[in-house]
Amino acid sequence: MIPRNVAQLATLNAERPGMDYALERFTAEVTAAIAATGRVPLDVIELTTPKANIPADLALPMFKAAKALGVSPPQLAAELAASIQLPATGLVGSVEATGPFLNFSLNPERLAQHVLATIQAQGDAYGAQTLGADQTVVVDYSAPNIAKRMHVGHIRSTIIGQALVNIYRALGYRVIGDNHLGDWGKQFGVVLAAIEREGKPTTEGEVALADLEAQYARYAAAAKDDPALDEHARHWSLRLEQGDADARALWQWCVDLTMTAAQRNYDRLSVKIDHAYGESFYEPMLADVIAQAQAAGVAFRDEGGAVVVENLQKLPTFLLQRSDGGTLYMTRDVATIVFRLREFAPRALIYVVGEPQTLHLRQLFALVEAMGYGAGVTLTHVAFGTIFDAKGMPLSTRRGNMVYLEALLDDAVARALAVVEQKSPELPEAEKLAVAEAVGVGAVVYNDLYQDPKRNITLDWERMLATEGNSATYLQYSHARCVSILRRANEDGGGGVGDALTLLTHPAETRLLKHLARLPEALREAAARHAPFVIADWCYATAREFGVFFEQCPVLRAETPALRGARLRLVAATASALRRGLALLGIRAPERM
RNA sequence: GACCCCGUAGCUCAGUGGAUUAGAGCGUUUCCCUGCGGAGGAAAAGGCCGUGCGUUCGAGUCGCACCGGGGUCGCCA
């Protein structure tokens, strides 16, 4: 649904007023100039971005066109280079034939003017687009279990999901985040029975949740040897499903306790989820789902009484209802999709769920389609890999190596605070704490977002909390340096003279400007691939280019006041854009650190 | 047994069909503070892109088969 081809994008952008980013305009100008020659059929114009070692910003490979015209690619390239007319005041600086390629370069002066004006005008919204206007996307993410602490199993869904929400919003989509709480099913009966047996924990917050987990574990262990306990737990879950007031009240108490604790984690992670309907919400719709599936002929009741779905797109057989009449999470997931389609009329439904659930979601999507709900909506599973401990073992409560989200954040912040104390002892205490919070939490978030979500992650404290290289800290540090320069410029009495942005033609300046200009494109790619790491990559490349610029181009002591003014504008834009990129990932950017 | 994901530098990762040099970071070895924040910058060394066939003018990228790692497969979520 999101075009990937650059030429397509140029066309698309031209049709959308209000979108006039430098690289899109550059591409449109190049496309128009090529078309104007009348030599190349429009349908073979496929512009590509040359590799870094090629001194050009856009290339037209001539292979296809040359074949169609019966000439050699280098010959056609040379011919076009000689005859093409470039707009005099546009962003295209030059065109050159290099072998079988026609290479186009940006005009540095006009690029500088365009990019800096855009970033300054857009501020915190830099990169905003209208691509998704009038289209709704529902993102299903986080999904903690009620009466339990959030652990590393939820952190990936939460962080990746929120980044995707931010990215889609930036593209203009109406995005609805839904927290599909694990608050139902047979296991919740055990929670209630355990509380009945041992009483509500008198502790608070995460500690109370830990107590509930312990109660749960004791009850489950006892029930192994005592069928009566198991039966009692089942009875509690039944009371819950039938709306028993006491059961419902106790359930609500658990939900409130869990969500209050979760909210503190969400606040620290800059996570805000629009809804939290949870599995329980769909209870009244389940009978209808089962009936519909049978009516549609995709499910049938077998001899044992279970409702079965088989031979669906060659997928393994699965159940929609247990033989004892109970429903399954598949049943609730179908109901959830039906509800979301009716309630939000989305164009796409995105599930940010772990890779082990791939088969379940394939079955779910196939079933929903077979029931006739597939039209006009794209169902996507953004599968993320598993987190292992330093020894490569899966994390589990039983194994005793489980890592809980709050503890993880606290630990990361404590370590960051030690670094802040060492590097910046002059900061006020309150600011030290704030910086440590941003740096520590940022490290945890970035550790999850800097690479493809599909990959498994091995928990490595040293790497996660790295303060150099491709790390959150490096990005935050780059931002703080920008702000520092701007602050000192103000203290010196003013930002410099005028806005002679055409002076920004030093190679380091031009490279930085080109990277800044790429954020809109990075946003589209990140959305199309459901891959926040594209934004992380952009942030990192920007910080690196700024680092080079910082070494090579003095700002406050620039050769002339005009150049100083222009460079200050570039620094301000870098700070703003970097802050924007980090915000998309849910990472805060302190002014000092 | 079937299906899904992964395999690129010692380690962690980008590279989603096109240019005689496959890119980063960490680690290793060297440099750079009489210039704005050294949580920086520059340089070097380090690769039969898991293996083998194929498709193509061209394959890290596409197809098939193997090998290695992770995962899933009717009454849990």
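Below, chains carry the letters A, B, ... as their sequence lines are ordered, and counting in each starts from 1. What's counted below: heavy atoms across the whole structure, side chains too, no hydrogens, waters or symmetry copies.
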Can you tell whether the side chains of A:Arg588 and A:Glu437 come within less than 4.0 Å, N to carboxylate O?
no
Expressed in whole Å, how much space separates the P atoms belonging to B:G52 and B:A14?
24 Å
Given the structure, check if the side chain of A:Asn103 and the base of B:A19 hold any donor-acceptor pair shorter than 3.5 Å.
yes
Tell me which of A:Val308 and A:Ala543 sits closer to the 5' end of RNA chain B, going by the nucleotide each one is nearest to.
A:Ala543
Taking the six-membered ring of A:Tyr540 as reference, does the NZ or CZ atom of A:Arg544 fall below 6.0 Å from its centre and within a 45° cone about the axis?
yes
Taking the side chain as everything from C-beta on, heavy atoms only, tell me whether A:Pro507 gets closer than 4.5 Å to A:Gln552.
no
A:Tyr450 and A:Asp537 side chains, donor-acceptor separation under 3.5 Å
no
Using every non-hydrogen atom in the two residues, find where A:Ala480 and A:Arg592 come nearest and quote the distance to one decimal.
CB-CA, 4.4 Å
What's the gap between B:U20 and B:A59 when it is taken at their P atoms, as a whole Å value?
12 Å
Whole-angstrom distance between B:G74 and B:G70, as gauged at atom C1':
24 Å
Looking at B:C36, I'd like to know if its phosphate oxygens (OP1 or OP2) sit under 4.0 Å from a side-chain N or O belonging to A:Arg557.
yes
Tell me which residues in residues 432-441 of chain A lie within less than 4.0 Å of RNA chain B, going by non-hydrogen atoms.
none
Categorize A:Tyr474 for me: base, sugar-phosphate, or nothing, with a 4.0 angstrom heavy-atom threshold over every strand shown.
sugar-phosphate
Distance between the P atoms of B:G37 and B:U28, in whole angstroms?
28 Å
Distance between P atoms of B:C13 and B:A9 (Å, rounded):
11 Å
Atom C1', compared across B:C64 and B:U55: separation rounded to whole Å
11 Å
Test: A:Arg332 and A:Glu279 ion pair at under 4.0 Å
yes
Between B:G63 and B:G17, how far apart are the two C1' atoms, rounded to whole Å?
13 Å
